[in-house]
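Read through the structure below, which is laid out as structure tokens, and then see the notes.
Residue numbers run from 1 in the order of the sequence given.
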Amino acid sequence: MLPVVIDAALCKKDELCVHECPLSVLTVEEKGTVPTVHPKKAGYCINCGHCMAICPTGAITLSAFDGRQATPFAKENLPEPDAVEGLIKSRRSIRKFKKKPITATEIGELIHISAYAPSGHNAQPVSWTVLDTPKKVHELGEVVVEWMQEMVRQKNPLAEKLFLAGLVNAWKKGNDVICRNAPAIAVAWAPKLGITPQADTVIATNTLELAAHARGYGTCWAGYVVLAAAYSPKVLDFLGIPEGHMAHGALFLGHPAVKYRAIPPRHEAVAEEIDGKYIFKAKPNTH
Ligand SMILES: Cc1cc2nc3c(=O)[nH]c(=O)nc-3n(C[C@H](O)[C@H](O)[C@H](O)COP(=O)(O)O)c2cc1C
């Protein structure tokens with residue numbers, strides 16, 4: 001089956017799709033005819049849908065999406081730049097959640113939105129594991145703490161660097177500094193091998209985070225969970241992450257129990273011109 005299907009009756013023969021395709025999958029054999037899939041390039045199609053997004057008459061569908069139409073979208077539907085900036089700047093890491101649950105269905109909707117994030121070669125390699133109760137999240141915390149304890153016992157340099165002994169002690173005293181008593185977690189994982197799986201997973205996680213904030217949910221990156229998953233097969237197993245895969249992003253999710261009055265400052269982006277290049281240098285936090 002060919003990856004791209006063009007309805008000849010709707011096609012205006014404007015060749016917009018031919019010029020848009022990033023992999024030159026489409027071609028016109030003769031000027032003024034309906035584009036076709038290049039016989040040697042059908043396998044190059046990455047299902048990005050740029051051909052159907054640019055087609056003014058909706059003449060194009062992708063076989064991979066069972067002939068589903070592209071969703072119409074006009075520039076006027078975009079939020080104002082100030083609104084987007086407000087969304088980005090007002091997102092905070094939420095570490096206190098209301099008892100009110102967030103359901104796997106609600107998280108599933110956010111996961112679907114995150115599928116619109118860019119990925120290398122449009123590979124979309126990201127899978128998610130969702131735990132949707134505080135009990136399940138706490139059980140995950142226990143497996144993470146078990147790994148931390150082992151790192152401390154082994155005197156692994158990472159244990160000292162990341163103050164793991166302190167975290168374990170706090171956990172034992174009932175202070176959940178690892179999972180923040182969160183009502184849910186979504187862990188993003190992908191195959192170890194691929195085009196750009198790590199970047200894809202981080203971008204998908206960040207996209208989900210912003211979509212969650214826009215809907216009024218609170219999120220916080222679960223850094224210790226991702227770290228433990230990188231070392232502990234037991235954590236991977238708990239999360240149902242198969243062999244050959246790696247977690248690169250994880251978010252605690254719920255309804256925020258805190259309200260912020262203002263947006264804290266961040267360093268200005270200041271450029272230094274060096275040999276015709278503009279260097280916007282990071283100003284790493286010094287504690
Ligand atoms: C990769 C990553 C891992 C993080 N891990 C944790 C974590 O395990 N626990 C936590 O409370 N915050 C975690 N954070 C949140 C950061 O501390 C937070 O983003 C930072 O202090 C800035 O605050 P803001 O997100 O409210 O702007 C993590 C953030 C990132 C990007």
Side-chain angles (χ1 to χ4, degrees), residues 14 16-17 19-22 46-58 60 62 65 68-98 100 102-103 105-120 122 124 126 128 182 184 186 188 196 199-222 248-273 277-283 285:
D14 51 29
L16 289 175
C17 55
H19 298 298
E20 177 66 12
C21 178
I46 57 171
N47 292 314
C48 66
H50 276 232
C51 52
M52 63 196 297
I54 206 164
C55 177
T57 60
I60 303 181
L62 298 178
F65 292 95
R68 238 168 68 197
Q69 285 291 329
T71 310
F73 189 84
K75 227 174 106 190
E76 294 72 51
N77 300 136
L78 281 174
E80 292 298 323
D82 278 357
V84 177
E85 260 180 50
L87 181 80
I88 293 169
K89 291 181 180 175
S90 64
R91 179 214 51 80
R92 294 277 68 78
S93 293
I94 299 299
R95 300 184 177 96
K96 287 190 176 67
F97 296 94
K98 287 184 182 162
K100 186 179 170 187
I102 175 170
T103 65
T105 308
E106 288 171 292
I107 297 172
E109 283 173 20
L110 298 171
I111 289 172
H112 179 62
I113 297 171
S114 80
Y116 288 78
S119 60
N122 195 34
Q124 299 183 45
V126 185
W128 296 84
T196 48
D200 302 341
T201 311
V202 172
I203 294 167
T205 308
N206 184 232
T207 304
L208 190 146
E209 185 176 28
L210 286 175
H213 176 44
R215 290 187 173 199
Y217 302 119
T219 62
C220 183
W221 275 75
H248 297 295
L251 293 171
F252 298 119
L253 285 140
H255 296 271
V258 283
K259 276 196 187 114
Y260 297 104
R261 164 194 73 77
I263 294 165
R266 295 291 184 257
H267 294 299
E268 296 281 335
V270 182
E272 201 183 328
E273 194 186 337
K277 294 182 279 287
Y278 295 94
I279 311 292
F280 290 82
K281 224 172 169 188
K283 294 190 186 70
N285 259 330

For [X], give me all partners under side chain to side chain donor-acceptor pair (under 3.5 Å), at least two apart in sequence or on another chain.
X	value
Ser90	His213
Ser93	none
Gln124	Asn122

### Task
Taking Asn206 for its side chain and Ile203 for its backbone only, find out whether a donor-acceptor pair lies under 3.5 Å.
no
### Query
Thr219 side chain to Leu251 main-chain N or O, any donor-acceptor pair under 3.5 Å?
no
### Query
Can we say Arg215 and Glu109 salt-bridge, meaning some charged N sits less than 4.0 Å from an Asp/Glu carboxylate O?
yes
### Query
Who pairs with Tyr116 by ring-ring contact (aromatic ring centres under 6.0 Å, His included), at least two apart in sequence or on another chain?
His112
Beyond-backbone contact of [X] with [Y], side-chain heavy atoms, under 4.5 angstrom:
X	Y	value
Ile102	Phe252	no
Ser114	Val126	no
Thr205	His248	no
Asp14	Pro56	yes
Ile113	Leu208	no

#### Entry: Set of side-chain contact (heavy atoms from CB on, under 4.5 Å) partners for Glu85, sequence neighbours left out
Lys89
### Residues in side-chain contact (heavy atoms from CB on, under 4.5 Å) contact with Pro264, at least two apart in sequence or another chain
Arg92, Arg266
Working to the nearest 0.5 angstrom, can you tell me the gap between [X] [atom1] and [Y] [atom2]?
X	Y	atom1	atom2	answer
Asn285	His267	CG	NE2	5.5 Å
Leu62	Cys48	CG	SG	8.0 Å
Lys281	Lys283	NZ	NZ	10.0 Å
Phe280	Glu268	CZ	CD	11.0 Å
Leu110	Glu209	CG	CD	11.5 Å

How close do [X] and [Y] get, heavy atom to heavy atom, and via which atoms?
X	Y	result
Leu253	Ala212	CD2-CB, 4.1 Å
Ala117	Ala204	CB-CA, 4.2 Å
Ala184	Ile107	CB-CD1, 3.8 Å
Ala186	Trp128	CB-CE3, 3.8 Å
Asp200	Ser119	OD1-CA, 3.3 Å

### Query
So, for His255 and Tyr217, is the gap between ring centers shorter than 6.0 Å?
yes
### Message
With a 6.0 Å cut-off (strictly less than), is the heavy-atom count around OH of Tyr278, excluding the residue itself, greater than 12?
### Response
no
